[in-house]
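Contents: one structure, followed by commentary.
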Amino acid sequence: IKKMYTNIPIFFLLFSIEVLCIVMKKNNITGIATPHDGVSDESFFVIDKNFKRTGFAVVTPKEMRDIAHFELEHAYSRLGSKIVTRQIWGVPMGGPLSAPMARLAVTIMEMQFLHQHPSFPTRAQAARYTDDVGFAVFAKNRTLAEKFMRDTTTQIYHESLQLKRDDDPLDDFSVFVGHLVKKDTF
């Protein structure tokens, strides 16, 4: 993804939180267990209302909404001891929920696209790690594959995010997540 997550509109971030809350309610999930230390990346859904685990707090859907609203409305940048600016667009830079909120929003975009285009998995496979997206397109030739990618990638993500195509480092190969893949393999 070419542009930063700070370009995702706030309305879409809040929409994504609402979608998560609806999915949780539909599946009888009472909250998300998150670590107290703020360092560990281990979080998981909780079904039991009486869940207790040392070092974890359970955040309910209502608390998630409240925290997200607070974080989005109070994103200030500092220079030394002075508050310089208030961020009014996108995922707050450096906020404790910024990374999960960005991943959630992009996941919702991908889910909406897949719901609207159920044949996509038969024509391509995609993988995303935070803001790196990789595609493997199943097409008869490179021209058809590139047309499919142009048509598809503009539909997946919000217009404020753009996919940037990296130039291929080798003529007949692509590097994908540390693996060298011959282009005509697919």
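Keep in mind that what you see is a predicted model, and the values were worked out from it rather than measured. For the single chain, residues carry numbers from 1 onward in sequence order.
Criterion: ILVMFWY side-chain heavy atoms under 4.5 Å apart, direct or through other members. Under it, Phe15 and Ile67 are part of a common hydrophobic cluster. In terms of hydrophobic clustering, with Ile, Leu, Val, Met, Phe, Trp and Tyr side chains grouped at heavy-atom distances under 4.5 Å, Val23 and Leu114 are assigned to a common cluster.
Of all heavy-atom pairs between Leu20 and Met64, the closest is CD2-SD, 3.9 Å. Residues Phe138 and Thr122 come closest through the heavy atom pair CD1-O, 3.7 Å. Contact detail for Glu63 and Val58: the closest heavy-atom pair is OE1-O, 3.5 Å. Taking each heavy atom of Ala124 and Phe148 in turn, the nearest pair found is CB-CE2, 3.6 Å. The two residues Met109 and His158 make their nearest non-hydrogen contact at SD-N, 3.3 Å.
A donor-acceptor pair under 3.5 Å links the side-chain atoms of His74 to the main chain of Phe70, judged by distance alone. Judged by distance alone, the side chain of Asn27 and the main-chain N or O of Ile29 form no donor-acceptor pair under 3.5 Å. Formation of a donor-acceptor pair under 3.5 Å by the Glu18 side chain with backbone atoms of Leu14 is not found in this model.
Rounding to the nearest 0.5 Å places CZ of Phe12 at 8.5 Å from CG of Leu104. Put simply, CG on Leu13 and CZ on Phe11 are 9.0 Å apart, with the number rounded to the nearest 0.5 Å. To the nearest 0.5 Å, atom CD of residue Gln112 and atom CD1 of residue Ile156 are 12.0 Å apart. Here the CZ atom belonging to Arg103 is positioned 13.5 Å from the CD1 atom belonging to Ile108, to the nearest 0.5 angstrom.
Val106 places a side-chain heavy atom less than 4.5 Å from the side chain of Ile8. The shortest distance between side-chain heavy atoms of Cys21 and Arg65 falls below 4.5 Å. Using a 4.5 Å heavy-atom cutoff, the side chains of Met101 and Glu71 are in contact. Within the 4.5 Å cutoff, the side chain of Val137 has no heavy atoms near those of the Arg123 side chain.
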